[in-house]
Amino acid sequence: MGNSESDLVELPHTDHHKRLELHIKRRKKAKVQICVQFFKVGEIDTLKEQFTADVIVKAKWREPTLDGQNKSAENVDFSKIWNPKLYIENSYGDPKEQMRYRILYNDKGDAYISEKRVIKGTFMENLELDDFPFDVQDLTVTVVSELPSYEVELIEDETDHHVVNRQSFVDEQEWFLYMHTECSRKDIVIDQADNSIRRSALSVKCRAARRPGYFVWNIFMVTFLICTLSFATFSVEKEKPENRLQLSFTLILTAVAFKSVVNNSLPRISYLTYMDKYLLAAMIMLTVVCCWHAIVTTLPDASRDIVEIYVLSILAVIYFIYNIGFLIMIYLFPWRKRRTMVQKDRDYREGLLFNSKF
């Protein structure tokens, strides 16, 4: 890491001790400060589990070999300067990158290399769709160094903060973009054959909440009406079960069609979303109604009317309680996460105001 011995002997012999001191300093673990700015967040693709964005990644690290020289970037060959070799771990394909370098000095004359790269591309994200369509998703950019973690450690920038530009958000009709960010550090294993070699990584995430209005009015409400219409089949004479079953089967097929529409907008996941649970409950209710219409003709004529009244009343009460309970569950769990995100936005704004005063 850093200058080789062949590079060191090119310096004047009188600087041997200084040369050796800088070499020892460079052999220590380098701390690279990272700042990620979401300049423009594009389309969030739920089906492919990815999103497009223009991201600015700023990196800053100490460079002792330039201390006290007050050099500008034009006078330095950065190909001969140590570099942490950063890259985006969750980028998809070949993103477009532009890089610029600057040299910064503090009051003591300590030199820092500032690397700014503008990345335009597609980023992969494992979406958590349990709460669909009331879900809140993380949009993450993970910065990784090609050097092992015992040589480089990626940390948050101490002076600059991560930023989300909400004004240029493209998918505003389907998503609401929050302004706060969160950062986490980790070591990742690149070579699965050798788990001992780890690389330092820093993940910066912003968050977006899906606007559920389209699904509420076009899926939930229509499914609710279809399932409610199943109770109208009880008005058909009990002596004509074929008519009752025909109407009930038509309603079931309509519910299946709605389920297919939902499946086309989601990846193939092995768990049920909130929408899946509601549609399956509606189909179970329709199936129970169909089964009752097939059974009612086998009952004695004397008790058929009174039994059907009880069955209709019980099914109506169960369906009503289920819908009320479903609304309560949405408020308690998926909507609670949104309230948490709003509070984090509020704390983030207060933090920015506090830092601006000092």
Practice problem: Look at atom NZ of Lys48 and say whether more than 12 heavy atoms of other residues, nucleotides or ligands are closer to it than 6.0 Å. | Solution: no
Quiz item: Does a side-chain N-to-carboxylate-O contact under 4.0 Å join Asp347 and Lys344?
Solution: no
Exercise. For Arg198 and Ser149, indicate whether the former's side chain and the latter's backbone hold a donor-acceptor pair under 3.5 Å.
Key: no
Self-check item: hydrophobic_cluster_shared for Tyr112 and Ile103, side chain cutoff 4.5 Å
Solution: no
Practice problem: Show your reasoning for whether side-chain hydrogen bond (donor to acceptor under 3.5 Å, both in side chains) applies to Asn83 and Tyr101. | Solution: CA-CA 11 Å; Asn83 192 286; Tyr101 291 94; 3.2 Å; yes
Exercise. Please check if atom CD in Gln98 has more than 12 non-hydrogen atoms from other residues, nucleotides or ligands closer than 6.0 Å.
Key: no
Quiz prompt | Heavy-atom pair with the smallest gap, counting every atom of Ile330 and Pro334 | solution = O-CD, 3.1 Å
Self-check item: Sub-4.5 Å side-chain heavy-atom contact between Arg185 and Ser200
Solution: no
Quiz item: Can you tell me how far CZ of Phe169 sits from CD of Glu174, rounded to the nearest 0.5 angstrom?
Solution: 9.0 Å
Practice problem: State whether the number of non-hydrogen atoms from other residues, nucleotides or ligands found under 6.0 Å of Phe231 atom CZ is greater than 12. | Solution: yes
Quiz item: Does the Thr52 side chain pair with the main chain of Gly121, one donor and one acceptor, at a distance under 3.5 Å?
Solution: no
Quiz item: Are the side chain of Arg117 and the backbone of Val57 linked by a donor-acceptor contact shorter than 3.5 Å?
Solution: no
Practice problem: Please determine which of Asp160, Asp54, Val55, Val118 meets the side chain to side chain contact (heavy atoms under 4.5 Å, CB included) test together with Gln37. | Solution: Asp160
Quiz item: For Arg207, which of Glu125, Glu128, Glu182 qualifies under salt bridge (charged side-chain N to carboxylate O under 4.0 Å, His left out)?
Solution: Glu182
Self-check item: Asp135, Thr46, Asp45 screened by side chain to side chain contact (heavy atoms under 4.5 Å, CB included) with Leu127, the one that passes
Solution: Thr46
Quiz item: With a 4.5 Å limit on heavy-atom distance, are the side chains of Arg199 and Leu147 in contact?
Solution: no
Quiz item: Step by step, would you call Val222 with Trp217 a side-chain contact (heavy atoms from CB on, under 4.5 Å)?
Solution: CA-CA 7 Å; Val222 175; Trp217 297 114; over 6 Å; no
Quiz item: Going through the distances and angles, do Phe258 and Phe224 end up as a ring pair (Phe, Tyr, Trp, His ring centres under 6.0 Å)?
Solution: CA-CA 12 Å; Phe258 272 89; Phe224 172 78; over 10 Å; no
Quiz item: Going from NZ on Lys120 to OG on Ser91, what distance comes out if it is rounded to the nearest 0.5 angstrom?
Solution: 15.5 Å
Quiz item: What are the two closest heavy atoms between Ser303 and Ile306, and how far apart are they?
Solution: O-CG2, 3.3 Å
Practice problem: Side-chain contact test, heavy atoms from C-beta onward, threshold under 4.5 Å: evaluate it for Trp61 versus Glu115 and give yes or no. | Solution: yes
Quiz item: In Å, rounded to the nearest 0.5 Å, how long is the span from CG of Leu279 to CG of Asn263?
Solution: 9.0 Å
Quiz item: Taking the side chain as C-beta and beyond, is there a heavy-atom pair between Val204 and Thr140 under 4.5 Å?
Solution: no
Exercise. Rounded to the nearest 0.5 Å, what's the gap from CG on Leu286 to CG on Leu229? Could you check?
Key: 9.5 Å
Quiz item: Minimum heavy-atom separation for Asp171 to Gly42, with atom names?
Solution: CB-O, 3.9 Å
Quiz item: Can you find a pair of side-chain heavy atoms, one from Tyr348 and one from Tyr178, that are under 4.5 Å apart?
Solution: no
Quiz item: Only one of Phe220, Phe132, Phe134 clears ring pair (Phe, Tyr, Trp, His ring centres under 6.0 Å) with Phe215; which?
Solution: Phe132
Practice problem: Determine the minimum heavy-atom distance between Thr250 and Gln246, stating which atoms define it. | Solution: OG1-O, 2.8 Å
Quiz item: Are Leu253 and Met285 co-members of a hydrophobic cluster defined by side-chain heavy atoms under 4.5 Å apart?
Solution: no
Quiz item: Is there a path of hydrophobic side-chain contacts, each under 4.5 Å between heavy atoms of I, L, V, M, F, W or Y residues, that connects Tyr319 with Ile284?
Solution: yes
Practice problem: Look up atom CG in Leu202 and atom CG in Asp157, then write down how far apart they are to the nearest 0.5 Å. | Solution: 10.5 Å
Exercise. Inspect the surroundings of CG in Asn264 and state if more than 12 heavy atoms from other residues, nucleotides or ligands are less than 6.0 Å away.
Key: yes
Self-check item: Check: Pro267 main-chain N/O paired with Glu49 side-chain donor or acceptor under 3.5 Å
Solution: no
Quiz item: If you count the non-hydrogen atoms of other residues, nucleotides and ligands that lie under 6.0 Å from OH in Tyr105, is the total more than 12?
Solution: yes
Quiz item: Does Tyr331 have its ring centroid less than 6.0 Å away from the ring centroid of Tyr274?
Solution: no
Exercise. Could you give me the CA-CA distance, side-chain angles and deciding distance for Glu308 and Arg244, then say whether salt bridge (charged side-chain N to carboxylate O under 4.0 Å, His left out) is met?
Key: CA-CA 14 Å; Glu308 182 162 87; Arg244 286 187 168 194; 2.7 Å; yes
Practice problem: State whether the number of non-hydrogen atoms from other residues, nucleotides or ligands found under 6.0 Å of Arg339 atom CZ is greater than 12. | Solution: yes
Self-check item: Hydrophobic cluster membership, Leu299 vs Val236, 4.5 Å side-chain cutoff
Solution: no
Exercise. Taking the side chain as every heavy atom from C-beta outward, state whether His162 and His180 have any atom pair closer than 4.5 Å.
Key: no
Quiz item: Counting only heavy atoms not in Lys259, do more than 12 fall under 6.0 Å of its NZ?
Solution: yes
Self-check item: Ser230 (side chain) donor-acceptor with Ile226 (main chain) under 3.5 angstrom
Solution: no
Self-check item: Whether Tyr310 side chain and Asp305 backbone form a donor-acceptor pair below 3.5 Å
Solution: no
Quiz item: Rounded to the nearest 0.5 Å, how far does CZ of Phe249 lie from CD of Glu242?
Solution: 12.0 Å
Quiz item: So, Thr65 side chain and Ile81 main chain: donor-acceptor pair closer than 3.5 Å or not?
Solution: no
Self-check item: Pair Lys205 + Asp138: basic N to acidic O under 4.0 Å
Solution: yes
Exercise. State yes or no: are the ring centers of Tyr278 and Phe326 separated by less than 6.0 Å?
Key: yes
Exercise. Taking the side chain as every heavy atom from C-beta outward, state whether Leu86 and Ile34 have any atom pair closer than 4.5 Å.
Key: yes
Quiz item: Is Leu315 linked to Ile324 within one hydrophobic cluster, defined over Ile, Leu, Val, Met, Phe, Trp and Tyr using a side-chain heavy-atom separation of less than 4.5 Å?
Solution: yes
Practice problem: Would you confirm whether Asn90, through its side chain, and Phe123, through its main-chain N or O, come within 3.5 Å as a donor-acceptor pair? | Solution: no
Quiz item: Any idea which heavy atoms bring Cys183 and Glu156 closest together, and the distance?
Solution: SG-CG, 3.3 Å
Quiz item: Taking everything shown except Asp77 itself, do over 12 heavy atoms lie less than 6.0 Å from its CG?
Solution: yes
Quiz prompt | Shortest non-hydrogen separation from Met179 to Arg166 and the atoms involved | solution = CB-CD, 3.5 Å
Practice problem: May I ask you to test the Asp131-Phe333 pair for a side-chain heavy-atom distance under 4.5 Å? | Solution: no
Practice problem: May I ask you to decide whether Asp67 forms a salt bridge with Arg62, counting only side-chain N to carboxylate O separations under 4.0 Å? | Solution: yes
Quiz item: Under the side-chain hydrogen bond (donor to acceptor under 3.5 Å, both in side chains) criterion, do Lys71 and Gln69 qualify, and how do the steps go?
Solution: CA-CA 5 Å; Lys71 287 186 177 181; Gln69 301 182 28; 3.2 Å; yes
